[in-house]
Amino acid sequence: MIRKGTCVIVGLLVFGAAGCGSSGDKASSGSDEVTVTLGEQNGSGESGSATLTKVGAQTKVVINLESMSASMGSVAQPAHIHHGSCVNLDPTPAYALADVKNGKSTSTVGATLDDLGSGGFAINVHMSSAQIQTYVACGDIGTGESGSGGSSGKY
């Protein structure tokens with residue numbers, strides 16, 4: 001015979017566990033903000049993060065890079081959102097971002113945060129306009145991977 005109080009406790013435990021879901025990096029639809037880790041590439045000494053924030057049908061992208069090289073200073077570094085991943089990047093940008101200057105960039109792109117967070121996109125920063133082929137930092141959006149340019153936070 002099972003006591004009524006035991007059934008209630010077991011029921012609450014089952015309900016609570018079902019409601020918790022996965023605690024992984026993937027967010028449910030409707031998240032308002034995600035942080036992507038920008039990992040160093042090509043020995044640049046540059047790494048940091050990009051914060052993506054939902055702004056209606058658009059997404060605000062704020063890049064913060066730290067550089068071990070003081071020589072970058074105010075050199076404008078092009079930044080983009082590309083299809084693909086840091087390991088397999090489509091060289092044609094999907095969305096242009098404002099150049100990174102003194103480690104900072106703020107842009108708004110015409111894509112929803114949910115679309116960008118669905119995977120298949122990466123943020124990358126180039127050495128300079130003159131050295132556009134040299135990537136200095138990159139982070140995958142929506143994969144939940146970390147390390148050399150993965151995302152952290154809600155996606």
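Only a predicted model underlies this, so the values are computations on that prediction, with no experimental measurement involved. Index from 1, following the sequence. Below, all heavy atoms of this structure are taken into account, side chains as well, without hydrogens, waters or symmetry copies.
- Nearest heavy-atom pair across A111 and T59 is O-OG1, 2.7 Å.
- Closest of all the heavy-atom pairs between A50 and I123 is CB-CD1, 3.6 Å.
- Closest heavy-atom contact between A137 and E46: CB-O, 3.9 Å.
- To the nearest 0.5 Å, the span separating OG on S44 from NE2 on H126 amounts to 12.5 Å.
- The SG atom of C138 sits 10.5 Å away from atom CG of N42, with the distance rounded to the nearest 0.5 Å.
- Grouping Ile, Leu, Val, Met, Phe, Trp and Tyr by side-chain contacts under 4.5 Å, direct or through others, puts Y135 with L89.
- Rounded to the nearest 0.5 Å, atoms CG (L52) and CD (E33) are 9.0 Å apart.
- Using modelled atom types and a 3.5 Å distance limit, the side chains of D115 and T112 yield a donor-acceptor pair.
- The two residues P78 and D99 come nearest to each other via the heavy atoms CA-OD1, 3.3 Å.
- No side-chain heavy atom of H80 sits less than 4.5 Å from a side-chain heavy atom of Y95.
- Looking at H82, its side chain does come within 3.5 Å of a backbone N or O of D90 through a donor-acceptor pair.
- In terms of heavy atoms, D140 sits closest to C86 at OD1-N, 2.6 Å.
- Side-chain contact between I81 and L116: present, with at least one pair of heavy atoms (C-beta onward) separated by less than 4.5 Å.
- In this structure, CD1 on I132 lies 10.0 Å from CD on Q77, to the nearest 0.5 angstrom.
- In terms of heavy atoms, I63 sits closest to L65 at CG2-CG, 4.0 Å.
- Taken to the nearest 0.5 Å, the NZ atom of K54 stands 16.0 Å off from the NZ atom of K60.
- Here L38 contributes atom CG and S47 contributes atom OG; the two are 8.5 Å apart, rounded to the nearest 0.5 Å.
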